Each structure stands twice: as C-alpha cells, then as structure tokens.
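Let me begin by presenting the structure, written as structure tokens, before commenting on it.
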Amino acid sequence: VQLQASGGGLVQAGGSLRLSCAASGSIVSINVMGWYRQAPGKQRELVASITSGGSTNYADSVKGRFTISRDNAKHTIDLQMNSLKPEDTAVYYCNAVIRPSGSWYYRSDYWGQGTQVTVSS
C-alpha cells in the first residue's frame, strides 16, 4: 500500500492551490483520509480530514478557506486551498487509515511523500 501526493508549489498570498493524494495497492477499505502539514521548526499538524462517510474536520486556521473532498471508489482525496496565506507555507503530507489485504486491522501509519506549498507575501 502506498500514498502518492501531487500538487503544491509556489503561489502568492491570496492565491489557490489544489493537492491530490491517491492510495494504491492491496486495500480492503479505507477509513479516514487526511492532510497534515509541517512548517520548519514546528510539529506536524492536522489540516483537514474526511471519513469514508464524508464527515470532515478542519483545523481552525483553515476553516472557510480549505475544502477536502474524497472519491471512495478511486481511493483519492483532494485539498482545495483558497485565500492562501504565508503562514500556510509548509510541507503537506497525506495520511490514510487503511485496512490492507490480508489483515483484520486498520493501520494509521500510511503517509504520502510530502509536497511543498510555499505562499509568498
């Protein structure tokens, strides 16, 4: 099982970016999928998450600006980021809680490779 993230880049403050993440491999089911970010010198923090049923959770700092969406059939999530601020600059990681083939249990330690988002002022 692996997660492949794409998107990110450099944008001016007020601009928009879209991140995508796809899970692949021998997957029985996926519970929660989400995006985390880590800025230099800071701890990794949850940005947004979405359950298989479509329930979403956002960090207070991104509410009203970011939107997470999911395609259960394709095992993908997207993060639409609008009204970006310099403080959104970070490496963004996708994460998924997955039950892999051959296991009765879900694992929460599946991470994508990280993608850089830089917002200039």
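Remember, predicted model here, so these are calculated numbers, not experimental data.
Thr89 places a side-chain N or O within donor-acceptor distance of the main-chain N or O of Val119, the cut-off being under 3.5 Å. Gln43 places no side-chain N or O within donor-acceptor distance of the main-chain N or O of Gln38, the cut-off being under 3.5 Å. Judged purely by atom type and a 3.5 angstrom limit, Thr115 uses its side chain to pair as donor or acceptor with the backbone of Gly7.
Salt-bridge check for Asp88 with Lys85: failed, with every basic side-chain N at 4.0 Å or more from each acidic carboxylate O.
Taking 4.5 Å as the limit, some side-chain heavy atom of Phe66 sits within range of a side-chain heavy atom of Leu79. Put simply, the side chain of Leu46 reaches to within 4.5 Å of the side chain of Asn57, judged on heavy atoms. The shortest distance between side-chain heavy atoms of Ile77 and Ile50 falls below 4.5 Å. Counting heavy atoms from C-beta outward, Tyr58 and Arg65 have side chains that stay 4.5 Å or more apart.
Here the straight-line distance linking atom CD1 of Ile68 with atom CH2 of Trp35 works out to 8.5 Å at 0.5 Å rounding. To the nearest 0.5 Å, atom OG of residue Ser120 and atom CG of residue Leu10 are 5.0 Å apart. Taking OG from Ser101 and CD1 from Ile27, the interatomic distance works out to 10.0 Å, rounded to the nearest 0.5 Å. Here NE2 of His75 is found 8.5 Å from OG of Ser29. Values are rounded to the nearest 0.5 Å. The line from OH of Tyr110 to CD of Gln2 is 11.0 Å long, rounded to the nearest 0.5 Å.
The two residues Gln4 and Gln113 have their closest heavy-atom pair at NE2-NE2, 3.0 Å. Heavy atoms only, all atoms of each residue included: Leu19 and Met81 are closest at CG-CE, 3.7 Å. The shortest non-hydrogen separation linking Ser121 to Ala13 is CA-CB, 4.4 Å. Taking both residues in full, the closest heavy atoms of Arg70 and Thr51 are given as NH1-C, 3.2 Å, listed atom of the first, atom of the second, then distance. Between Asn72 and Ser52, the shortest heavy-atom contact is ND2-O, 2.9 Å.
Partners of Asp71 under the salt bridge (charged side-chain N to carboxylate O under 4.0 Å, His left out) rule, at least two apart in sequence or in another chain, do not exist in this structure. Residues satisfying the salt bridge (charged side-chain N to carboxylate O under 4.0 Å, His left out) criterion with Arg44, sequence neighbours excluded, are absent altogether. For the side chain to side chain contact (heavy atoms under 4.5 Å, CB included) test, residues two or more places apart in sequence or in another chain that qualify with Ala96 are Leu3, Ile30, Met33, Ile98.
Residue pairs meeting the salt bridge (charged side-chain N to carboxylate O under 4.0 Å, His left out) criterion with at least one member in residues 111-121: none, sequence neighbours excluded. Note on residues 6-21: pairs passing side chain to side chain donor-acceptor pair (under 3.5 Å), not counting sequence neighbours, are Ser16-Asn82, Arg18-Asp78, Arg18-Gln80, Ser20-Asp78.
Taking the ring axis of Tyr105 as reference, the NZ or CZ atom of Arg107 does not stay both within 45° of it and closer than 6.0 Å to the ring centre.
Hydrophobic cluster membership for Tyr106: Val32, Val97 (Ile, Leu, Val, Met, Phe, Trp, Tyr linked by side-chain heavy atoms under 4.5 Å, directly or transitively).
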